[in-house]
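One structure is given below, encoded as structure tokens.
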Amino acid sequence: MSLSVLGIRHAQALLGSLGRLKRNPLATVLTLLVIGLALALPAALGLFVINAQSATGGFGRAIDMSVYLKSGVPLAKAQQLAAGARARPGIAQVTVIPADEGLKEFRQYSGFGAALDALQSNPLPHVLHVIPSANASSAADLQSLRRYFAAWPEVDIVQLDTEWVLRFNAILAVLRRLVLIAAVLLGAGVLAVVGNTIRLEILNRKAEIEVTKLVGGSNAFVRRPFLYTGLIYGVGGAVLAWAILETAVLVLDQPVTTLARLYGSQYALQGPSAQVLAVLFGGGMALGWLGAWISAHRHLRSIEPR
Amino acid sequence: MILFERVSKRYPNGREALTNVSFSIGSGEMVFLTGRSGAGKSTVLKLVALLERPTRGTVTVNGKSTSGLKARHIPAFRRHLGIVFQDHKLLADRPVFDNVALPLVVAGAPLKEIDKRVRAALDQVALLGKERMLPAELSVGEQQRVGIARAVVSKPPLIIADEPTGNLDPELSLEVMRLFRRFSDVGVTVLVATHDQHIVRELAKREIVLASGEIQGPSDGGSSDPLPHLVARR
């Protein structure tokens, strides 16, 4: 068979499938909606995890350590300690916050201005504000950094809040598994929906299939339009899922930005990346095609002209 | 063109439809296959079209033994065969044109050629101008002619017809049979199963008579209609 003949046949099958889907708009839309929702759910969950991940990447800079020096330590000593700490690997930045500045800041943000005026002297110590480098912000790295500072005789308290980082990472790991489970289950759902839709269409067109086989239609010829139908369902469902994702991102964008700002972050919600879309469309097409193929393989061979 | 050698066919339910049947039909010949209902006429046609396989013996069509033909080669085999059915098996939701075009579409013919050939086939059965009508909008005789147009559209060297006039009145039946004769006149081999003795007499072609799955030897064509009540008259 020549290539052009094959091309004509594929074009015919594709157009035929599109035409039939158009003739039953309600059924087609409902099927597409089911597939779209089934694809959108794991994709949305995945998108959430990706966002949470990059948001904490943003928080990675927010993971910091406050090293409170003992109250008698002079500022020059504090500067010297800071210089020493900067030389240590795993540290991105060390800022010295002198006691006076700390007090100024506290007065500005706490609202205790009047009470502070009553104080004779500045009760605050000098503080080193330490930001670990991004590649050294695991829980273990942070603990060793903490021990490093705590060992200095000039240091009073090292304050580090790693608990939430650990918990957050654990939650992300759970969510990642959930995405996987949802994707597998809903993918199976898409297979079933497409398979069943194709099965019904095959039964509806039993007479046509018989006649086609009688006049010399091969199994591949008879199967082709059904495979295209499955493929179209997959693509259509993916388009729908994409629209759902973009809408969700649009709706969530403003509150998420507000939330991020409250945490001192410039983070903005990310829509589906090209990679996410590739997985979405690839998955949708593969599932649609496979569902149709399984159904066609099972049901077409039972239809033989007699 | 068709060669049956000691062919027997037993269906899975145990019924022996054909027993030791041998005959041959030459290229360009037109032959009637007659006998009562259940005599095995349909089984002979099904063996030719490879809708069934013989239990014993060999069926050769167009110089090729069908017993060695693998299932995946059957579609290509059927494209060299025109089949006409009593119930014409037209697709009710497709216009006449699409129905007739089906064998060409299946074979992957270019659109231009499909258009040309479908019109030629419809012209041969005097239905040109009714391409866009649905089968239900046509008379029974016209529907059967659409079925014949579909069988000849790909210019097969062999046409088989199973009771093609079963639902037609005598006049229309004769008209349809004359159509088949015209195809045979231009070199197409035609095998028609019928129990309409009137037609067999009228066309004066060779007759193979089956009774209880066995060949009865050529009849003289002058015997009376064995089952007149089965011929639907309108």
Side-chain angles (χ1 to χ4, degrees), chain A residues 1-28 200-229 293 296-306, chain B residues 11-12 42-43 45-53 70-85 87-94 98-114 121 135 146-147 149-154 156 158-162:
Chain A
M1 191 184 307
S2 76
L3 213 59
S4 66
V5 168
L6 204 64
I8 287 171
R9 287 180 170 190
H10 277 273
Q12 282 168 344
L14 178 60
L15 288 177
S17 298
L18 279 172
R20 258 184 296 279
L21 290 173
K22 212 178 114 197
R23 252 171 278 157
N24 279 313
L26 187 64
T28 304
L200 288 177
E201 205 190 324
I202 287 175
L203 293 182
N204 271 338
R205 295 170 60 194
K206 192 167 184 284
E208 182 185 340
I209 292 164
E210 267 185 30
V211 171
T212 306
K213 285 192 173 184
L214 271 174
V215 299
S218 62
N219 278 326
F221 179 89
V222 173
R223 193 165 49 214
R224 202 167 292 135
F226 295 108
L227 296 185
Y228 270 112
T229 304
W293 191 88
H297 186 72
R298 266 182 59 84
H299 299 289
L300 282 181
R301 60 168 44 182
S302 67
I303 300 177
E304 274 298 327
R306 297 174 46 75
Chain B
Y11 283 105
S42 292
T43 301
L45 295 185
K46 281 177 181 175
L47 290 172
V48 172
L50 270 176
L51 296 171
E52 296 286 351
R53 301 272 196 171
K70 292 204 178 73
R72 65 195 161 93
H73 295 307
I74 290 179
F77 169 85
R78 289 203 187 121
R79 280 177 220 149
H80 298 288
L81 190 66
I83 313 180
V84 180
F85 305 91
D87 59 354
H88 48 70
K89 288 199 194 293
L90 298 178
L91 302 176
D93 59 341
R94 307 288 184 83
D98 294 20
N99 268 288
V100 175
L102 191 59
L104 299 175
V105 173
V106 158
L111 288 178
K112 247 186 177 169
E113 185 169 347
I114 290 178
V146 174
R150 183 182 63 192
V152 302
V153 74
S154 55
L158 171 62
I159 296 172
I160 60 175
D162 192 4

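As a basis for the values below, the full set of heavy atoms in this structure was taken, side chains included, without hydrogen atoms, waters or symmetry mates. Chain naming here is simple, since letters A, B, ... match the order of the sequence lines and numbering starts at 1 in each.
Neither the backbone nor the side chain of B/Arg72 comes within contact range of chain A, judged by heavy atoms closer than 4.5 Å. Contacts between B/Lys89 and chain A at a heavy-atom distance below 4.5 Å involve backbone atoms as well as side-chain atoms. If you measure heavy-atom distances from B/Leu111 to chain A, the contacts under 4.5 Å come from the side chain alone.
Residue A/Val215 forms a side chain to side chain contact (heavy atoms under 4.5 Å, CB included) with just one option from B/Pro103, B/Pro156, B/Ser154, and that option is B/Pro103.
Of all the heavy atoms in B/Pro75 and A/Ser218, the pair that sits closest is CG-CA, 3.5 Å. Looking at every heavy atom in both residues, A/Phe221 comes nearest to B/Val106 through CE2-CG2, 3.5 Å. A/Leu214 approaches B/Phe85 most closely through the heavy-atom pair CD1-CZ, 3.1 Å. In this structure, B/Arg78 and A/Lys213 approach most closely via the heavy-atom pair NH1-O, 3.0 Å.
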Candidate pair B/Leu90 and A/Val211, rule side chain to side chain contact (heavy atoms under 4.5 Å, CB included), full reasoning: CA-CA 8 Å; B/Leu90 298 178; A/Val211 171; over 6 Å; no
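Chain A forms more heavy-atom pairs under 4.5 Å with one residue of B/Ala49, B/Ala76, B/Ala107 than with any other, namely B/Ala107.
Around the CZ atom of B/Arg53, the shell of radius 6.0 Å holds more than 12 heavy atoms that belong to other residues, nucleotides or ligands.
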